[in-house]
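Note that this is a predicted model, so its numbers are computed, not measured.
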Protein chains: 2
Amino acid sequence: MENKREIFHVLTRRFGLLDKNCCAVGNFEISIVQSHILYEIDKQFEPSMQQIAESLAMDITTFSRQIQSLVKMELVKKAPAPQDKRVSILSLSAQGKFVAASIDHSMNAYLEEVFSHMNEFERETVIRSLKLLNEAMSKSSVCCKPLY
Amino acid sequence: MENKREIFHVLTRRFGLLDKNCCAVGNFEISIVQSHILYEIDKQFEPSMQQIAESLAMDITTFSRQIQSLVKMELVKKAPAPQDKRVSILSLSAQGKFVAASIDHSMNAYLEEVFSHMNEFERETVIRSLKLLNEAMSKSSVCCKPLY
DNA sequence: TATTTTATTTGCATATTGCAAGTATTATTT
DNA sequence: AAATAATACTTGCAATATGCAAATAAAATA
């Protein structure tokens, strides 16, 4: 039996570091959390505050403030939903889309670099495994809210 | 070609959530960062401040303050190194060891639960893949300091 | 219409972060 | 040996992030 905790401990730290490579796009300095928010808004269709906050398993009050920052930076737009004025629909501005695309591009480049240290067979196995792991985690009771 | 960013985005978030399940041991409330610190101190042999901070790729000033907290909680002990009085050697107190062991236990239980959603073959493949990924990341130039 | 529920925001109070500058000790240079 | 530089760590900010409790405002329900 492996020591899974050790593996995860290291991996978690490394993911955190990899994630830090995200966040300088031209003049914009963005935090990791903010990059995750941009990513989710881009991914979802006309999402509300709640939806994104829940997808990222963030506290809604913290999230609210992060959105305020991103709106101030003119990366995110917030519009009241026509059918329900309590709800705010989030979207990326043109700038926001540009920033999100830049981050996506560089993150993928970093990941390609990481995977370049494997052969083709390993690459495929690892990718397949990560998908399996994601599925298992989504089924798990102890972990992990973001539903997808 | 897969969208690796998507896979990593989700995985990173989930790891973060899983990690949050770490930190309540009896009366102690510990942060995620602090649980990582306890883990590393336990793992290494008579480590200095620098060594642990570097293993976790933490800023030394932030680390210094975290250690102060852990010392105040009586989970960590700090002793000047005999050969070099500038250096502080870190160790876990009895309580610290207990807390670290408790966290280790519950994290492993959580991980077992996650892996219970796979069959034996998948489990082995995934574990092997995570090790491969760790190795690749350690070779990477864009990522990821903790050396091991 | 009155009450409850839902979506989001604000008020705190606390914790975390990292840069710049400081202290103390050891190593190197002259 | 004295002066200088390098190292290990700590402290002073100042900015940012966090989350609970309470507030607001708009539906939904009674």
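- Counting only distance, with no hydrogens or angles, the side chain of A:Arg123 and the backbone of A:Met118 share a donor-acceptor pair below 3.5 Å.
- Between A:Tyr39 and the options B:Glu6, B:His9, B:Arg5, a side-chain hydrogen bond (donor to acceptor under 3.5 Å, both in side chains) holds for only B:Glu6.
- When each of A:Arg14, A:Glu113, A:His117 is checked for a side-chain hydrogen bond (donor to acceptor under 3.5 Å, both in side chains) with B:Ser140, only A:Glu113 meets the rule.
- Chain B approaches DNA chain C over the interval C:dT16 to C:dT26, counting the first and last nucleotide 5' to 3' with an atom under 4.0 Å from its heavy atoms.
- Residue contacts shown for B:Ser88 are limited to sugar-phosphate atoms, with no base heavy atom under 4.0 Å away.
- Proximity of residues 65-75 of chain B to DNA chain C (heavy atom under 4.0 angstrom from any strand atom) is restricted to B:Arg65, B:Gln66.
- Between the A:Ser64 side chain and the A:Ile60 main chain, no donor and acceptor come within less than 3.5 Å of each other.
- Here A:Asp19 contributes atom CG and A:Tyr110 contributes atom OH; the two are 11.5 Å apart, rounded to the nearest 0.5 Å.
- Here the side chains of B:Leu90 and B:Gln44 are not in contact, with every heavy-atom distance at 4.5 Å or above.
- Residue whose closest nucleotide on DNA chain C sits further toward the 5' end, between B:Asp84 and B:Met58: B:Met58.
- Projected onto DNA chain D by closest heavy-atom contact, B:Gln51 and A:Arg86 fall at different nucleotides, the more 5' of which corresponds to B:Gln51.
- The two residues A:Ser31 and A:Cys22 come nearest to each other via the heavy atoms O-SG, 4.5 Å.
- Of all nucleotides in DNA chain D, those with any atom nearer than 4.0 Å to a heavy atom of chain A start and finish, going 5' to 3', at D:dA17 to D:dA27.
- Between A:Leu17 and B:Ala57, the shortest heavy-atom contact is CD2-CB, 3.6 Å.
- The shortest side-chain heavy-atom distance between B:Gln34 and B:Ser69 falls under the 4.5 Å cut-off.
- Summarising the local packing, NZ of A:Lys85 is surrounded by 12 or fewer heavy atoms from other residues, nucleotides or ligands at distances under 6.0 Å.
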